[in-house]
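Notes for the one structure printed next.
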Amino acid sequence: MKNTPPLLLIVSSPSGAGKTTLCTKLLNEFGDLRFSTSHTTRPPRPNEVDGQDYHFVDTTAFEKMVDRDQFVEWAHVHGERYGTARTEIDAATAGRTDLIFDVDCQGARQIKTQYPEAVGVFVLPPSIEELRRRLEKRGTESAQSLDRRVEAAIKEIARHELYDYLLINDELAAAYDRLRAILLAERARHDRLVGVAEKLLVD
Ligand code: ADP
Ligand code: 5GP
């Protein structure tokens with residue numbers, strides 16, 4: 001068990017820019033990193049697993065959690081509800097595992113307000129045309145949903161100032177190298193490891 005508080009790493013991007021791809025690679029490489037599994041009212045995609053990619057719930061169940069104040073943050077995104085349960089942060093704090101959040105810019109702002117030490121990474125596509133191409137290639141959206149996501153991307157990109165890091169996902173391997181560099185550098189920050197240094201002085 002580590003001796004430092006968990007790092008809260010927010011990874012946001014407009015839909016289709018590649019944050020799921022990048023986060024999955026990071027989670028596969030770093031066993032001591034936990035994914036914050038959000039709740040959503042959106043239906044699962046064919047390859048998605050309930051409880052792993054998301055907790056898939058209906059609107060009634062989601063609203064019940066809102067009423068009981070069980071979310072750290074929640075938001076309407078692309079016509080559906082998405083939220084981060086408080087239990088996700090509690091579990092990371094108890095287990096002292098670093099936690100990665102895949103949330104939109106509304107979620108990033110709400111988490112940063114409550115946890116100013118959280119670190120925000122904004123994944124950007126090299127161009128809007130490439131974003132559309134990636135969404136089309138992924139094949140998960142109807143034409144209407146695709147247009148809505150591209151339109152929303154422009155508004156989300158305008159919120160770039162919320163984040164500590166901007167990560168252009170041009171070439172996947174190079175973008176991934178930069179993401180892991182951010183994780184490693186953030187884990188080595190003085191204010192995260194000060195307890196370790198001070199413990200050496202009293203031992
Ligand atoms: P997001 O989670 O941001 O919505 P995904 O990770 O699902 O995006 O990526 C959208 C699509 O783009 C997927 O089909 C993925 O394989 C592809 N993709 C991700 N990164 C790159 C990249 N650097 N170059 C080309 N295609 C990519
Ligand atoms: P998707 O439907 O493509 O999985 O996700 C759509 C958007 O919802 C993405 O921008 C994703 O980051 C965001 N999202 C996923 N989970 C949460 C959450 O718990 N809270 C917020 N605010 N956004 C979320």
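FYI, the numbering just counts along the sequence from 1. As the structure lists them, so they are numbered: ligands from 1, and atoms in each ligand from 1.
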Query raised in the report: With a cut-off of 4.0 Å, which atoms of ligand 1 are near a heavy atom of Ser13?
Result: 3 (O)
**Report entry** Arg138 N/O under 3.5 Å from ligand 1 N/O
**Finding:** yes
**Report entry** Atom indices of ligand 1, in the order listed, that fall short of 4.0 Å to a heavy atom of Leu172
**Finding:** 20 (N), 23 (N)
Report task. Identify, for atom 20 (N) of ligand 1, the protein heavy atom at the shortest distance, and state residue, atom and that distance. Result -> Asn169 ND2, 3.0 Å
Report summary line: Under 4.0 Å from one or more heavy atoms of Asp170, ligand 1 contributes atoms 22 (C), 23 (N), 24 (N)
Query raised in the report: How far is atom 6 (O) of ligand 1 from its nearest protein heavy atom, and which residue and atom name does that atom have?
Result: Thr21 OG1, 2.5 Å
Requested in this report: Show the numbers, then the answer: is there a side chain to side chain contact (heavy atoms under 4.5 Å, CB included) between Glu141 and His78?
Outcome: CA-CA 11 Å; Glu141 310 307 318; His78 311 313; over 6 Å; no
Query raised in the report: Under 4.5 Å between side-chain heavy atoms, hopping through other hydrophobics if needed: is there a path connecting Phe30 to Val11?
Result: yes
Query raised in the report: Between Arg159 and Glu156, is there a side-chain N and carboxylate O pair less than 4.0 Å apart?
Result: no
Query raised in the report: Under 4.0 Å from any heavy atom of Pro14, which atoms of ligand 1 are there?
Result: 3 (O)
Report task. Return a yes/no value for Lys137: is any of its N or O atoms, backbone included, closer than 3.5 angstrom to an N or O of ligand 1? Result -> no
Query - Nearest neighbour of atom 14 (N) of ligand 2 from the list Ile10, Val77, Thr37, Asp102, on a heavy-atom basis - result: Asp102
Report task. Please determine if Glu130 and Arg133 form a salt bridge, counting it only when a charged side-chain N lies under 4.0 Å from a carboxylate O. Result -> yes
Requested in this report: Examine Glu130 against ligand 1 and note whether any of their N/O atoms are separated by less than 3.5 Å.
Outcome: no
Requested in this report: Could you check Lys64 against Val57 for side chain to side chain contact (heavy atoms under 4.5 Å, CB included), going step by step and ending with a plain yes or no?
Outcome: CA-CA 11 Å; Lys64 212 175 262 178; Val57 293; over 6 Å; no
Report summary line: Nearest non-hydrogen protein atom to atom 2 (O) of ligand 1, with distance, is Thr20 OG1, 2.4 Å
Query raised in the report: Does an N or O from Glu73, backbone or side chain, lie closer than 3.5 Å to an N or O of ligand 2?
Result: yes
**Report entry** Check: Arg45 N/O within less than 3.5 Å of ligand 2 N/O
**Finding:** yes
**Report entry** Close-contact set for ligand 1 against Gly18 heavy atoms, below 4.0 Å
**Finding:** 1 (P), 3 (O), 5 (P), 6 (O), 8 (O), 9 (O), 19 (C)
Query raised in the report: Do Tyr176 and Leu183 sit in the same hydrophobic cluster, where Ile, Leu, Val, Met, Phe, Trp and Tyr count as joined when their side-chain heavy atoms come under 4.5 Å apart?
Result: yes
Report task. Go through ligand 1 atom by atom and flag the ones less than 4.0 Å from a non-hydrogen atom of Ser15. Result -> 4 (O)
**Report entry** Which of the ligand 2 atoms, numbered from 1, are nearer than 4.0 Å to a heavy atom of Ala75
**Finding:** 22 (N)
**Report entry** Proximal atoms of ligand 2 relative to Arg42 (non-hydrogen, under 4.0 Å)
**Finding:** 1 (P), 2 (O), 4 (O)
Query raised in the report: Just distances here: any N/O of Arg134 and N/O of ligand 1 closer than 3.5 Å?
Result: yes
